[in-house]
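For reference, the structure is listed below as C-alpha cells.
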There are 2 protein chains.
Amino acid sequence: MGVSLKDIAERAGVSLATVSNVVNGYRPVGEVTRQRVQRAIDELGYTPNLSARHLRRGRTGLIALAVPELTNPYFAELADVAIREAAGLGYTLLMENTAAERGAELALLEGAQRHLIDGLILSPVAIGREEVLARRARMPLVLIGEGVYDVPYDRVAIDNVAASRTATAHLVALGRRRIAFVGAPPGGDRQSAHLRIRGYREALDAAGIPFDPGLVVPTEQFGRADGEHAMHHLLSLDHPPDAVLAYNDLTAIGALRTLARSGAGVPDDVAVAGIDDIEEGRFSNPTLTTVAPDKRAIGRSAVRRLVSRIEGEGGPPMHVQPSFHLIERESTGPAR
Amino acid sequence: MGVSLKDIAERAGVSLATVSNVVNGYRPVGEVTRQRVQRAIDELGYTPNLSARHLRRGRTGLIALAVPELTNPYFAELADVAIREAAGLGYTLLMENTAAERGAELALLEGAQRHLIDGLILSPVAIGREEVLARRARMPLVLIGEGVYDVPYDRVAIDNVAASRTATAHLVALGRRRIAFVGAPPGGDRQSAHLRIRGYREALDAAGIPFDPGLVVPTEQFGRADGEHAMHHLLSLDHPPDAVLAYNDLTAIGALRTLARSGAGVPDDVAVAGIDDIEEGRFSNPTLTTVAPDKRAIGRSAVRRLVSRIEGEGGPPMHVQPSFHLIERESTGPAR
DNA sequence: GGCGGTGTGTATAACGTTATAGATCCCCGG
DNA sequence: CCGGGGATCTATAACGTTATACACACCGCC
C-alpha cells in the first residue's frame, strides 16, 4: 500500500516517534535529524494516513454542512464559501442534503454521522426549537438561518425580520399599496418564513397600510415553480397586487415568469422583490431587486464557530448576525 | 467516548470477533448469540467507528466528485443525483471544487486526497489527455464530460458533437442563417467547447451555410457574465446574427440578458439556444431552448462505475454515453 | 472407533498514527 | 566528581476494527 511512517523511519534511520514529531511538531526535533527525515519524506512521497490519525486522535477533520436543498443557488453559493474557509482551517467540508425532511434533520442532529464528522452546521427548516433542545448528541453544532432560535448552540443568521421589513419598505416607498407576500409556509413550520412575514407586516403597519391576509400566499416549497403558481393565483384575484415580496429569490423568479407570460409589466404593473441575492437575479429579465445577506460572512462565521467549538472553545453560545443590504434592480426600478 | 465493540462484547458475554461478525456478517453466528448481541447493541446504541474500520479495511467509504464550479447549477444538479446514488451504495460523496484550475485538477489526479477518498470522479477542463495519461496514482478514477478522451479510464459523457449539431440544426430549421456560437475557449483548452463548435460547424455544413469565424465568440469563462459580454460584442457587429448557440445554458442566459436590455426581440430578432437544461432555463424570460443531457444517467453511471472499480472490478475502461434530447422553448419558439 | 467435515465461537495480530513514559547524552554548577 | 537538568531521541501502549488461525463440539460415515 502507501508509504507509512515506518518506511520513513527506516529510511531516515530514526524512530517512528521522531518522524511523527517532524510531521506534526508535537515535540521539538534536532535540526540535522529533521532535515534527514524531511528528505526521506520527500523522496518516498509520504502523506499521513488520515484514518489512522483520526482513530488515534478521536477526530476526523471532516465537518458537514447540511442544507435543505443542494440545488438552491443560495446554498450552493454558501457552500462554496464554507468549503474554502474549512480548507483554510485544515478541515474538509461535506455537503449533506436534508431535503427539508424532518427525519433527515433529526437524524443528523442526533449524530447520524457521528463517527464520520467532528461537527455539524445545520440549516434547520423542518424541525423546531423543542427538537433541538431535546438533542442528546454532544457533537458540536452550529445553526444557520433563523429556522430555530433561542437554543444553546452557536447560531449564524441575518435579522430576517429587518431584511424583510427593508424590502417591504422599499416597495412602499415606490408608492405601492397592495403588496403581496409569496411563500408563506403551508403547515406552520419554516420559522424563517414567519419572521419574513412579520417584517413585511411591520413595514405595512409603519406605512399605515392595512394588512390583507388574502395577499399572503402559502406555498408548498420555496422554489421557482412555487413562485410561479402563487403569482398565478394572485393575478386571478379581483384586485391583484401592485407589488410582490417573495420569501426568496427563487420564488421571486417564479413570480417574474408568470408575470412575463401574462403580459403584466414589471415593475410598471407589479413590482417584485426577493431575498438572497443569488446570481441568477442579476441576470433575470427584468433583473431582480433583492435583499443581499452577507453570504461570505455567514459561511465563514459558521465554519469558524464550529471549528472553535471542535477545538475545545467553551463559553456561552454565540449569536453572529451578519449584515444585509438592499439591492435595487429593474424589477422595482423606475418605470421605463 | 463512544460505545465500542468491546463494550458490546462484555455486555453480551461473547468475544469481540463474534460481535464483529454480527455487525457485518463476515461469518455466520448462531441464532441465540446473535440475538443477545443484537440486544446489547440496541441497548447501548452502538455504531461502528468508521476511522477504525477504514484503517483496518484500507478504505474510507468516501468518494469525491470534483467539478470546475460548485455554483454552476448544472453541477449542483449533477451532484444532487450523485450524492443519492453514492449513499445508496454505502458511500459518502465529497464535493471538490477545482475552480477550473490546472493545478487543482492535477493535484487531485495525482492523489491529493489519497488517504481520504477511495476514488475520484473528475470533470477535467484545464488539463488534457497527456496529463491524464501521465498519471501515476492508482486510485480508481472516472472522468465525466468530454474534457479528456481516449484515456484508459472509465468515462461518462454525452456526445457533445451530436448535441451541438442537434441544437444548431434546430436553429437552421427555423430559417436562421447567421448563427453565432458563444463560448469558444480563449486559449485552446476546454476540449468540450471544441467539440461543441465542431457539432455546430457540421450542422452548418449540412445546411450549406458558410462558416463565419467572426460569429464564433471566445469567452474567458462560461458563466452568465461571459454570455452577456459576448452577446454585446455580437450586437455591435455590422451584420449581427439572427441566432445564437451558447456553450451552455449559463452563457445563453447571459446572452438573453443583453438581448433584453438592448431591446432586441427573442426569438423574433435573435433565437437563442443553450446546452445543459438547468432549471433556471425553464423560468427565464423568455424560457430557454436547450439540449438536455440525461443528468440522472450521468450522475448514476459515474458513481456506479467508480464503485465497481473500487470494489475490484477489472476489465478494459468503459465509456458510458448517456442520451440527450432537444427541448424547444420560447427562446427559439414560433414568433409571437 | 477413527476420520473428515461443518457449524460455531475465541484469541490475536495487524492497520498507521500519536501521546506518554522513559532512555541517553552532554553541559553546568556546586 | 557528582547530581541535576535540558535537549533529543526511543520504545511502546493505546485508538477500534477486521481477518486469520485456531479450538471445540458434534455429526455422519466407512
Side-chain angles (χ1 to χ4, degrees), chain A residues 1-41 44-62 90 111 113-118 310-312, chain B residues 1-38 40-41 44-62 90 111 113-118 311-312:
Chain A
M1 287 280 294
V3 182
S4 80
L5 272 193
K6 202 163 83 176
D7 301 321
I8 305 297
E10 283 170 5
R11 174 119 179 179
V14 297
S15 77
L16 269 180
T18 300
V19 182
S20 174
N21 282 329
V22 168
V23 172
N24 53 21
Y26 172 65
R27 285 188 16 171
V29 175
E31 191 48 34
V32 279
T33 22
R34 137 161 287 116
Q35 293 194 358
R36 208 173 38 196
V37 169
Q38 190 59 54
R39 192 166 47 224
I41 289 178
L44 296 185
Y46 166 79
T47 56
N49 178 312
L50 296 181
S51 293
R53 169 176 288 177
H54 298 151
L55 170 60
R56 181 57 231 237
R57 285 191 179 161
R59 292 200 204 141
T60 64
L62 290 175
Q113 303 270 37
R114 88 183 82 172
H115 284 302
L116 187 59
I117 60 177
D118 295 335
I310 290 171
E311 296 181 351
Chain B
M1 288 278 293
V3 183
S4 79
L5 272 192
K6 200 164 86 177
D7 302 320
I8 304 297
E10 283 169 6
R11 175 117 176 179
V14 296
S15 78
L16 268 181
T18 300
V19 181
S20 174
N21 283 328
V22 168
V23 171
N24 53 20
Y26 173 65
R27 284 185 17 167
V29 175
E31 190 48 35
V32 280
T33 21
R34 140 160 285 115
Q35 292 193 359
R36 207 173 39 196
V37 170
Q38 190 58 56
I41 289 178
L44 295 185
Y46 165 80
T47 56
N49 179 313
L50 297 181
S51 291
R53 170 176 286 178
H54 298 152
L55 171 59
R56 181 58 231 232
R57 285 190 177 161
R59 291 201 203 140
T60 64
L62 289 174
Q113 302 271 36
R114 86 184 83 172
H115 284 302
L116 187 58
I117 60 178
D118 295 334
E311 296 181 351

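In what follows, chains are A, B, ... by sequence order, proteins preceding strands, each numbered from 1.
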What residues, two or more places apart in sequence or in another chain, satisfy side-chain contact (heavy atoms from CB on, under 4.5 Å) together with [X]?
| X | value |
| --- | --- |
| B/Arg57 | B/Asn24, B/Arg53 |
| A/Arg56 | none |
| A/Gln35 | A/Glu31 |

Quiz prompt | Protein-nucleotide distance (A/Glu10, atom CD; C/dG16, atom P), rounded to Å | solution =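 Roughly 12 Å, once rounded to whole Å.
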Quiz item: What is the distance from CZ of B/Arg59 to P of D/dG16, rounded to the nearest Å?
Solution: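 Between P of D/dG16 and CZ of B/Arg59: 23 Å.
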Check: residues 3-12 of chain B side-chain donor-acceptor pairs under 3.5 Å, at least two apart:
unit_1	atom_1	unit_2	atom_2	d
B/Ser4	OG	B/Lys6	N	3.2
B/Asp7	OD2	B/Ser4	N	2.8
B/Arg11	NE	B/Glu43	OE1	3.2
B/Arg11	NH2	B/Glu43	OE1	2.5

Quiz item: Between B/Arg34 and A/Ser51, who's closer to the 5' end of DNA chain C by nearest nucleotide?
Solution: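 This one resolves to B/Arg34.
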Self-check item: Nearest-nucleotide comparison on DNA chain C, the residue closer to the 5′ end among B/Leu55 and B/Gly30
Solution: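 Its nearest nucleotide lies further toward 5', so the answer is B/Gly30.
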Practice problem: Heavy atoms under 4.0 Å is the rule here; annotate nucleotides 17-27 of chain D 5' to 3' with B where the base is hit, S where only the sugar-phosphate is, and - elsewhere. | Solution: BBBBBB-----
Quiz prompt | Distance in Å, B/Leu116 CG paired with A/Asn49 CG, rounded so as to fall on 0.5 Å steps | solution =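 If I round to the nearest 0.5 Å, the distance is 10.5 Å.
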Quiz item: Excluding sequence neighbours, so at least two apart, what forms side chain to side chain donor-acceptor pair (under 3.5 Å) with B/Asp118?
Solution: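 Expected list: B/Thr60.
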Quiz item: Is B/Ser15 near enough to C/dA11 that one of its side-chain N or O atoms lies under 4.0 angstrom from OP1 or OP2?
Solution: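 Checking B/Ser15 against C/dA11: no side-chain N or O falls below 4.0 Å of OP1 or OP2.
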